[in-house]
Trainee: 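I have a structure I would like to understand better, so I am pasting it below and will then ask my questions one at a time.
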Amino acid sequence: MTAPLPKRIIKETERLQTEPVPGISAQPHDDNARYFDVTVQGPDGSCYEGGVFNLELFLPDDYPMTPPRIRFLTRIYHPNIDRLGRICLDVLKNNWSPALQIRTILLSIQALLGAPNPEDPLNEAVAKQWKDNQAEAIKNAREWTKLYAQPKE
Amino acid sequence: MDSDDEVNSVISSEDLGGDADSSVGDFGGDDSDVDFDELQEHDGFDTQEKDLKPRKKAFEIDHKVYSPEDIQRQQDDQVAEVATLLEQPHESTAILLRYGRWNKERLIEQYMDNQEEVLDKAGLGQDVQKSPPRIEVIDGFVCDICCEDTPGLRSFALKCGHRFCVDCYRQYLAQKIRGEGEAARIKCPGDGCNRVVDAKSLDILVRTDLTDRYHQLLMRTYVDDKENLKWCPSPNCVYAIECGVRKRDLTRVVPTVFCDCKHSFCFGCTLPDHQPCPCSLVKLWLKKCEDDSETANWISANTKECPKCHSTIEKNGGCNHMTCRKCRNEFCWMCMGMWSEHGTSWYNCSRFEEKSGLDARDAQARSRQSLERYLHYFNRYHNHEQSAKLDKDIFHKTEKKMTLLQSASDMSWIEVQFLEEASQALQRCRQTLKWTYAFAYYLARNNETEIFEDNQKNLELAVEDLSEMFEKPTDQLSGLRVEMMDKTTFCNRRRIVVLDDTAKRLKEGVSYNLHFYGFGVVC
């Protein structure tokens with residue numbers, strides 16, 4: 001890291017520590033302040049309830065002109081998240097605005113867990129299951145959450 | 001021939017005056033009701049006027065070339081016109097027109113129906129701030145993008161009121177224009193804000209190199225949005241062509257247009273001139289020549305499969321007793337049956353005349369025939385393509401020849417021009433000939449096909465004659481001058497005959513060989 005960290009990133013990081021968003025944490029790496037370890041709790045009442053999902057977040061050089069890069073590290077059964085953990089979310093692509101922040105993006109991701117959208121799928125197989133047999137899909141999602149997304153003691 | 005037969009009279013040249021008010025400038029959208037047929041009918045009315053004009057050939061298409069300045073003027077004129085109608089400032093009108101894909105009528109109609117909704121969708125929603133946007137210094141301002149709060153920080157906001165510092169705004173605009181190639185719909189950087197950045201605000205914020213690119217992109221979307229405008233595809237050419245031929249007319253006309261940069265191309269598919277072959281056939285033909293469907297054809301014509309392991313086998317000699325190299329299966333090449341069943345009548349397959357054997361032979365013969373048919377046309381198509389390339393090389397040597405001629409004989413510069421004319425005629429005619437072969441491949445056989453083939457043959461003979469003369473040593477050329485000039489004229493005439501005839505036939509509807517046309521692949 002040769003270039004000094006932009007004020008924007010410093011402020012955002014500070015605010016993430018001082019006023020954390022409930023159910024979400026983001027911790028920058030000591031050796032790379034643009035790389036964050038993120039955890040998101042499954043929203044209450046959703047099929048991901050009780051799960052804690054690990055994500056990685058990276059702020060590219062031209063952030064905030066371009067969106068942060070985010071990926072799930074924990075396996076998750078969700079129509080808009082693929083096997084590699086990539087996320088299909090409008091604000092991470094076309095609808096990104098430089099006025100958005102890490103915290104708002106993470107909130108959007110949490111909201112996506114609460115409202116899966118099988119009409120705009122990234123993971124075709126999961127989306128198909130979601131449309132054909134929603135009860136079964138929700139059951140799968142719960143099982144995967146139990147299997148892969150249990151908080152470490 | 002009565003007036004209705006004239007395919008080319010799509011739009012009379014008066015209509016193409018480049019005037020934004022003319023009907024031509026308007027039919028942008030699909031729902032436009034000005035169409036090919038109506039224009040033709042319309043043309044039928046003023047027969048008197050038409051009789052005075054020199055008769056145009058059936059394959060010639062009306063079109064007009066525009067420079068970037070012309071296109072800019074067209075846009076400006078339309079903006080000015082609509083601005084007075086809608087009582088909106090020019091900048092907002094431009095945004096509205098871009099939103100409406102330059103379909104004036106539809107935009108005005110929608111605007112009259114529901115002004116607020118149209119404004120909102122176009123990115124001109126409710127104004128929070130009434131004064132025109134400008135760079136300001138506001139006390140206690142913190143930029144939401146960079147978190148900068150230094151006193152005296154210069155900031156900017158569109159009428160939506162979302163304020164950001166000038167540096168961030170510039171960076172944002174540069175990212176959109178240079179990075180993403182966006183121009184017509186750059187939105188305010190505010191989250192979820194639909195407000196579109198207008199050209200005036202852009203001028204306030206960024207330097208000329210970026211505004212130049214911005215206007216270039218706007219121009220591009222303008223031409224792309226208009227169905228009757230297309231950029232000349234030639235590299236580095238800046239001109240756009242206006243032509244009234246619509247997509248659905250392309251089965252009946254081949255709209256070759258000529259750009260001021262000397263490039264001629266098809267307005268329908270923007271490929272280089274391919275008269276007389278219609279776009280859809282060109283596409284099929286090119287695909288056919290490109291992909292390896294013909295390899296498969298060759299395989300089916302020249303090989304058989306081992307009845308046991310299905311390896312492909314080409315018989316390159318020897319007797320009918322085959323032993324598969326792979327599975328060691330022994331079979332008869334004639335009847336494809338087991339060799340052991342042949343008993344003692346080895347090397348003379350008695351089962352040859354059986355029905356299954358006959359069928360197999362018929363299938364092989366058909367396959368071979370269709371392959372030969374394709375190769376017949378392809379070889380001629382390919383030959384003209386190659387010859388045109390060679391002729392082009394000669395064309396580059398022509399100038400040298402011309403100067404040589406001037407010094408060797410007493411000919412003046414003007415007297416050696418015939419060489420250049422001959423060279424150009426050769427190029428043009430070979431281009432046409434090439435596509436007549438692709439066209440012929442798909443044609444169904446009937447009496448008209450024979451006329452077509454006669455015309456084709458006449459042109460071909462003329463072209464080969466001229467080509468031969470062209471290759472003669474320089475000292476003989478001066479003696480051939482009159483003859484070559486005659487031949488050049490003759491070639492050009494023969495070409496026009498071919499094009500005129502096919503253009504008329506296309507207009508009436510040509511019957512194609514559905515076996516080749518409908519499925520694309522011969523099998």
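So that the names make sense, note that chain A is the first sequence line, chain B the second, and so on, each numbered from 1.
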Trainee: Hey, are the side chains of Asp62(A) and Gln171(B) touching, using non-hydrogen atoms and a 4.5 Å cut-off?
Mentor: no
Trainee: Give, for atom CG of Asn95(A) and atom NZ of Lys187(B), the distance between the pair rounded to the nearest 0.5 Å.
Mentor: 6.0 Å
Trainee: Look up atom NZ in Lys11(A) and atom CD in Glu148(B), then write down how far apart they are to the nearest 0.5 Å.
Mentor: 8.5 Å
Trainee: For atom NZ of Lys131(A), is the number of surrounding heavy atoms from other residues, nucleotides or ligands below 6.0 Å larger than 12?
Mentor: yes
Trainee: Does any backbone or side-chain atom of Cys193(B) lie under 4.5 Å from a heavy atom of chain A? Answer side chain, backbone, both or neither.
Mentor: neither
Trainee: Given a strict heavy-atom distance threshold of 4.5 Å, which part of Pro98(A) is in contact with chain B: side chain, backbone, both, or neither?
Mentor: both
Trainee: Given a strict heavy-atom distance threshold of 4.5 Å, which part of Thr66(A) is in contact with chain B: side chain, backbone, both, or neither?
Mentor: side chain
Trainee: Does atom CZ (Arg154(B)) have a neighbourhood of more than 12 heavy atoms from anything else shown, all under 6.0 Å?
Mentor: no
Trainee: Find out whether Lys7(A) and Asp149(B) are in side-chain contact, i.e. whether some heavy atom of one side chain is under 4.5 Å from a heavy atom of the other.
Mentor: yes
Trainee: How far apart are the closest heavy atoms of Ser97(A) and Asp191(B), and which atoms are they?
Mentor: OG-N, 3.3 Å
Trainee: Measure across Gly190(B) and Ala99(A) and return the closest heavy-atom pair with its distance rounded to 0.1 Å.
Mentor: CA-CB, 4.2 Å
Trainee: Among Ala174(B), Cys188(B), Cys146(B), Gly179(B), single out the residue with the greatest number of heavy-atom pairs under 4.5 Å to chain A.
Mentor: Cys146(B)
Trainee: How many angstroms lie between SG in Cys147(B) and CD in Gln101(A), if you round to the nearest 0.5 Å?
Mentor: 6.5 Å
Trainee: Could you tell me whether the side chain of Arg8(A) and the main chain of Asp144(B) form a donor-acceptor pair under 3.5 Å?
Mentor: yes
